[in-house]
Amino acid sequence: MNSGFGVFQEEHEAFRRTVKQVVDRELKPFVRAWEEAEEFPLALYRRFAELGFLGLKYPEAYGGTDAGYLYEAVLHEELAKCGSGGVAAGLAAQFTIGTGPIHLFGTDAQKRAFLAPAIAGQKIGAFGVTEPDAGSDVAGLRTTARREGDYYVVNGAKTYITNGVRCDYVILAVKTAPEKGHKGVSLLIVEKGTQGFTVAKKLKKLGWRASDTAELHFEDCRVPVTNLLGDENNGFFQIMGNFAWERLSLALGAVGAAEDILEQAMRFTRERQAFGQAVAKFQVVRHRLAEMATDLECARQLTYHALKLHAAGEYALAQTAMAKKVATEMCCRLADQALQLHGGAGYMQEFDIERHWRDARLGPIGGGTSEIMNEIIAKQLGL
Ligand SMILES: Cc1cc2nc3c(=O)[nH]c(=O)nc-3n(C[C@H](O)[C@H](O)[C@H](O)COP(=O)(O)OP(=O)(O)OC[C@H]3O[C@@H](n4cnc5c(N)ncnc54)[C@H](O)[C@@H]3O)c2cc1C
C-alpha cells in the first residue's frame, strides 16, 4: 500500500530508506539495553548530526540542510519504529522543541550560540514549559523572571522536561509580567551551569524510559537579557506557534509506531499456532487486523493532510490538533489490540509490543492533552 502518495516524493522515499537503514543497524539492536539503563548514549546526537538529521528544516547558515518539513516528517515516522519511544523522543526533542523556538524567534547571535551547536550535536537543548502546578494551563505558569539591570532573575520550577538532565540549555517559559496573565509570558534561554539552576531529580516513568525526564529548579538564577527569545511578554504566542510542529511530529511518530505495531501483530499471528492453525487464520483475528489497518490509515491520512498544510506554510491549528488527537489515540488502541493478539507473549518484555503499549500512552498527554486538542478544535468551530 503506497500510503504516502500525494505527500512524499521519490526523494523523500529515498531519504526514508536511509533513515530506515540507520534505525535498523544503529538503534534497533541496542534499544532494549538502553531502555534497561534508562538512557541512550550521548554519542547518538553527534551521529545524528553527522547524518544531517538534526538540521533538516534549519538554514545552511547554521549548519542545517534546509531540506524542509517533509524530510523531518519522514524522520519522525521512521524513528518511531526503533522500538523505544524514549530514544525517539530524546533525539526528536533536539530537532523539535529544543531548537525550534530559537530557529523561529532567535537573533543571529542566539542562533550562532545555541542553534548551530545543537544542529552539530555539540549542545543538547530542552524546552521547559510545564510546572508542578501548571501543565495544560500555560498562562497559569508561576516561574518568574524579574528584570535587574542586564539580567533576569529567575525563580520557580519546571517538571517533566525531556532531556532536562542532560541538556546544555533549556528554553524556559517564564512570567516577566505576572499581572498580565498570558500576555506576561516570555521565553529565556537558560544555560546549564548558571548559578541557581539545578536538576532536582530524574523522574521514573511508565514509558519513554530511555529518555531523560527531569524536574528543574531555579533559585535567584541570573540570566543575561541577551538570552531573551523574541519580544518580552510575547512568550505565550511563541509557545503556541511552536506547538504546531511539536504536535504534528507527535502525530507522525504515532503513525510510524502504529505501522510497526501492526506489522508485529501480523507477523506474530501468522507464526503463532492455536487449535492446529495459525492464529491469523481465525476470522475474528483477520478482521481485527483489518480494522487496525483501517484505523491506522484514517489517522495517517488526517496527519498527512495537516502536514501538507503545514509544509505549505499554513497555520493549520484545528487540523493539527485533530491529527495529534486522532493519531496518538489510534496508536494506543493499536498497541492494546496488538498486545491482546500476542496473548501472554505481549505482556513479556522480550516482545516490543509491551514497550509500544507503555510508550504509546504518552501520546494523548504530551504536547497538549487530547482534552486540550478538543478545546482548540471547538474554539476553531466557533463554539
Ligand atoms: C514523558 C513526558 C515528557 C514531557 N516532556 C515535556 C517537555 O519536554 N517540556 C514540557 O514543557 N513539558 C513536557 N511534558 C509535559 C506535558 O506536556 C504535560 O504533561 C501536558 O501538557 C499535560 O499537563 P499536566 O501533566 O500538568 O496535566 P494537567 O494540565 O494537570 O491535566 C490533568 C488532566 O486535566 C485535563 N484538563 C486540564 N485542563 C483542562 C481543560 N481546560 N479542559 C478539559 N480538561 C482539562 C487534562 O486533559 C488532563 O486529563 C512531558 C510530559 C511527560 C509525561
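The basis for the numbers below is simple: all heavy atoms, side chains too, and nothing from hydrogens, waters or symmetry mates. In listed order, ligands and their atoms are each counted from 1.
Side-chain contact, Asn233 with Thr176: a donor N or O sits under 3.5 Å from an acceptor N or O. One side chain, Asn163 or Tyr45, offers a donor N or O that lies under 3.5 Å from an acceptor on the other. With 3.5 Å as the limit, one finds a donor-acceptor pair spanning the side chains of Glu131 and Thr143. Looking only at atom types and distance, the side chain of Gln301 has a donor-acceptor partner in the side chain of Glu297 under 3.5 Å away.
Within ligand 1, counting atoms from 1 as listed, the ones closer than 4.0 Å to a heavy atom of Ile161 are 7 (C), 8 (O), 9 (N), 10 (C), 11 (O). Residue Gly367 approaches ligand 1 through these ligand atoms, each under 4.0 Å from one of its heavy atoms: 17 (O). Taking every non-hydrogen atom of Val129 and a distance limit under 4.0 Å, the qualifying atoms of ligand 1 come out as 10 (C), 11 (O).
The OG1 atom of Thr65 sits 11.5 Å away from the CG atom of Leu51 when rounded to the nearest 0.5 Å.
Distance screen at 4.0 Å: atom 9 (N) of ligand 1 has a protein heavy-atom neighbour inside the cut-off. For atom 26 (O) of ligand 1, the nearest protein heavy atom is under 4.0 Å away. The presence of a protein heavy atom under 4.0 Å from atom 15 (C) of ligand 1 is confirmed. Distance check for atom 32 (C) of ligand 1: every protein heavy atom is found at 4.0 Å or beyond.
For the pair Thr369 and ligand 1, the shortest N or O to N or O distance falls below 3.5 Å. In terms of polar-atom proximity, defined here as any N/O pair under 3.5 Å, Tyr160 does make such a contact with ligand 1. Checked against a 3.5 angstrom limit, the closest N/O atoms of Phe127 and ligand 1 fall inside it. For the pair Glu375 and ligand 1, the shortest N or O to N or O distance does not fall below 3.5 Å. The shortest N or O to N or O distance between Glu371 and ligand 1 is below 3.5 Å. No N or O atom of Ile97 sits closer than 3.5 Å to an N or O atom of ligand 1. Residue Lys205 places no N or O, backbone or side chain, under 3.5 Å from any N or O of ligand 1. Here's the thing with Thr130: one of its N/O atoms is less than 3.5 angstrom from an N/O atom of ligand 1.
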Given the rule in the side-chain contact (heavy atoms from CB on, under 4.5 Å) test, do Ile102 and Leu229 qualify, once you have shown the distances and angles that lead to the verdict? CA-CA 7 Å; Ile102 303 176; Leu229 266 184; 4.3 Å; yes
Apply the test salt bridge (charged side-chain N to carboxylate O under 4.0 Å, His left out) to residues Arg222 and Glu148: give CA-CA distance (whole Å), side-chain angles for both, the deciding distance (0.1 Å), then the verdict. CA-CA 9 Å; Arg222 293 171 71 81; Glu148 265 185 23; 3.1 Å; yes
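Of the protein's heavy atoms, Ile365 O, 3.5 Å lies nearest to atom 20 (C) of ligand 1. Among protein heavy atoms, atom 24 (P) of ligand 1 sits closest to Gly135 CA, 3.9 Å. In terms of protein heavy atoms, atom 3 (C) of ligand 1 is closest to Thr162 OG1, 3.3 Å. The protein heavy atom nearest to atom 40 (C) of ligand 1 is Ile372 CD1, 3.9 Å. Nearest non-hydrogen protein atom to atom 2 (C) of ligand 1 is Leu362 CD2, 4.0 Å.
Geometric assessment of Arg146 against the ring of Tyr152 yields a negative cation-pi assignment under the 6.0 Å and 45° thresholds. For Arg166 and Phe40, the positive end sits near the middle of the six-membered ring, less than 6.0 Å away and at most 45° from its axis.
If you check each of Gly207, Pro132, Ala214, Ser136 against atom 36 (N) of ligand 1, the one with the closest non-hydrogen atom is Ser136. Taking only non-hydrogen atoms, the option from Gly368, Gly140, Gly366, Gly86 nearest to atom 21 (O) of ligand 1 is Gly368.
Proximity of Thr269 to Arg288: side-chain heavy atoms (C-beta onward) are nowhere separated by under 4.5 Å.
Between the side chain of Arg32 and the backbone N or O of Pro29 there is no donor-acceptor pair closer than 3.5 Å. Side chain of Lys158 to backbone of Leu172: no donor-acceptor contact under 3.5 angstrom is found.
Ring geometry for Phe268 against His342 counts as parallel: the plane angle stays under 30°, on a 0 to 90° scale with 60° as the upper cut.
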